[in-house]
Number of protein chains: 2
Amino acid sequence: MAFSDLSSADATAVLEPVSRNTLRAQVADRLRAAILRGDIAPGAPLVETALSERFDVSRGPLREALRQLIEEGLVVTVPYTGTHVAPLSVEDVHEIYSLRTALETFAFEQVWPSRDDRFRAELNRRNASLIAAIDAGDDHASIQTELELHGLVYEASGHRLLQRAWYALRGRLQLYWAAHHLAHGRHGPRRDSHDSYIAAALGDDLAAMRLEIANHMRRGAETTERFLRRPNPSGKSKRGDKS
Amino acid sequence: MAFSDLSSADATAVLEPVSRNTLRAQVADRLRAAILRGDIAPGAPLVETALSERFDVSRGPLREALRQLIEEGLVVTVPYTGTHVAPLSVEDVHEIYSLRTALETFAFEQVWPSRDDRFRAELNRRNASLIAAIDAGDDHASIQTELELHGLVYEASGHRLLQRAWYALRGRLQLYWAAHHLAHGRHGPRRDSHDSYIAAALGDDLAAMRLEIANHMRRGAETTERFLRRPNPSGKSKRGDKS
DNA sequence: CCATGTCAGATTGTCGACAATCGACGATCG
DNA sequence: CGATCGTCGATTGTCGACAATCTGACATGG
């Protein structure tokens, strides 16, 4: 981490990491990472006692972490019965991408007049990172960098509620992309998949941007839905056991 | 969605009320109601020990209920320090109404082609309920019925994720409306405040509907922001100070 | 008089044990 | 042999007590 910069910069952003980690947050982060990494498959059971023992924490913080992941859409639970990693469904995919279209369009409308050189430079930088990850064949990095690329417009909007809504969608999206990666071995974005998207975002035609977002999301939804309908091409079984 | 039919329809939505109430849910409902009713003012401290004693439950379920209300934006907390009812801010109002504009526009776009007689009838029914509440001078009912009126399009969309997003906004909106009501004694919608909105929703011009939503939200945001900048016209003190 | 170190109270964070509930298996009866 | 009911294991829900941390006030020294 950056020990060097304690000169100027805004305090809040720098001092935030210093704050104490509660067990709830740590457990939530670890569990989320495990799910999104595919270590625990969609639909797999999550027993509180087993998890609390594995993480070496009591069930209190663990339960609160689970509640958080439920809010994020990564986990589902039924009272007194059981908790599971959220199962995949084609309806969800459609909802995720359609709502994402609306949100991302709104985000660009908010940002549109105030796009400056820094915004454009950052957009290019993140696109370069995505391309680098694709060229390197690093699927996990491809997913992360693509999410960061799309995340820029939400960050730049300065709209906290909008960013919250994006996070709610992003977690679910990650779940499906991770499952896709697990099943097919690769996330699959082409090297030039975001070229027209970037071009429109850098340009001055807002209507063209709207169209580009709609097309981009339509393609994404189609790809993901196609995978869901035929999830296991290689034939090797997916399991949710945790040993 | 199903307004009164228990014949076919999806089972989960109908069977939900039968399911057992966990303490967490009960506490969350009671606390939410208390906050939205104005019994606990924005910014007022919420101490876990006091609340758990008052509700006669242990701190476990109470904490989980608080977590839920935090997600809903009604409560804020800082680790090891304290928990409070969310304070009001003009930035929030702007974000709530701008995002709401985007969501409600999207919802109408989704519903537009499939509006049938039942949708139109239900829309008129809910508008009548709102007018009745306004005529009766019942502020609490006015808020509820107005929210239900706007909620129809989200329900009719059948888009669960969109409805979730609406709930996230609705809670925050209620918080501001309740505060407005507390300060001014009346929520303040005019009798005909939704006439043009309903007319557009019943008509066939989607572009006009988009415009109507934008105007409706702009007016709402202006009213709420104006109240926030001058919150206490009558001069009587609001509760919730730390004594 | 101001700055600084210390302490006590209050509040949240965490833990381990017990209770309530559910789903499935197996016994029993027709 | 099939259906129904009771029982049992598993899992989540709840509880009360203890620990960690923060905030503010107070004492102390410059």
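In this text the structure is predicted, and so the values were computed from the model without any measurement. Just so it is clear: chains get the letters A, B, ... in the order the sequence lines come, proteins before strands, and each one is counted from 1.
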| After noting the C-alpha distance and the side-chain angles of A:Glu104 and A:His150, does the key distance pass the side chain to side chain donor-acceptor pair (under 3.5 Å) rule? | CA-CA 8 Å; A:Glu104 206 150 316; A:His150 285 282; 2.8 Å; yes
Rounded to whole angstrom units, what separation is found between the [atom1] atom of [X] and the [atom2] atom of [N]?
{"X": "B:Leu62", "N": "D:dG13", "atom1": "CG", "atom2": "P", "result": "16 Å"}
{"X": "B:Glu53", "N": "C:dA10", "atom1": "CD", "atom2": "C1'", "result": "15 Å"}
{"X": "A:Asn21", "N": "D:dC22", "atom1": "CG", "atom2": "P", "result": "12 Å"}
{"X": "B:Asp56", "N": "D:dG16", "atom1": "CG", "atom2": "P", "result": "8 Å"}

| What class does the angle between the rings of B:Phe106 and B:His159 fall in, given that below 30° is parallel, 30 to 60° is tilted and above 60° is perpendicular? |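 Perpendicular, since the angle between the ring planes exceeds 60°.
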| task | Could you tell me how the ring of B:Phe108 sits relative to the ring of B:Phe119: parallel (under 30°), tilted (30 to 60°) or perpendicular (over 60°)? | result | perpendicular
| note | Per-nt protein contacts along nucleotides 6-12 of chain D (heavy atom under 4.0 Å; B base, S backbone sugar-phosphate only, - none) come out as -----BB
| task | Would you jot down, in residue-number order, the residues of residues 23-32 of chain A having a non-hydrogen atom under 4.0 Å from DNA chain C? | result |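 When residues 23-32 of chain A is checked for heavy atoms under 4.0 Å from DNA chain C, the hits, listed by number, are A:Leu23, A:Arg24.
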| Any residue meeting salt bridge (charged side-chain N to carboxylate O under 4.0 Å, His left out) with A:Asp138, in chain and number order, not counting sequence neighbours |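 A:Asp138 satisfies salt bridge (charged side-chain N to carboxylate O under 4.0 Å, His left out) with no residue once adjacent residues are dropped.
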| message | Taking salt bridge (charged side-chain N to carboxylate O under 4.0 Å, His left out) as the criterion, tell me which of A:Arg160, A:Arg118, A:Arg126 meets it with A:Glu155. | response |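 Going through A:Arg160, A:Arg118, A:Arg126 one by one, the salt bridge (charged side-chain N to carboxylate O under 4.0 Å, His left out) with A:Glu155 is satisfied by A:Arg126 alone.
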| field | Pair A:Glu64 + A:Arg67: basic N to acidic O under 4.0 Å | value |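 Between A:Arg67 and A:Glu64 there is no salt bridge, as every charged N stays at least 4.0 Å from the carboxylate O atoms.
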| message | Looking at B:Glu53, I want to see if its CD is surrounded by more than 12 non-hydrogen atoms of other residues, nucleotides or ligands under 6.0 Å. | response | no
| Would you find more than 12 non-hydrogen atoms of other residues, nucleotides or ligands less than 6.0 Å from B:Asp56 atom CG? | no
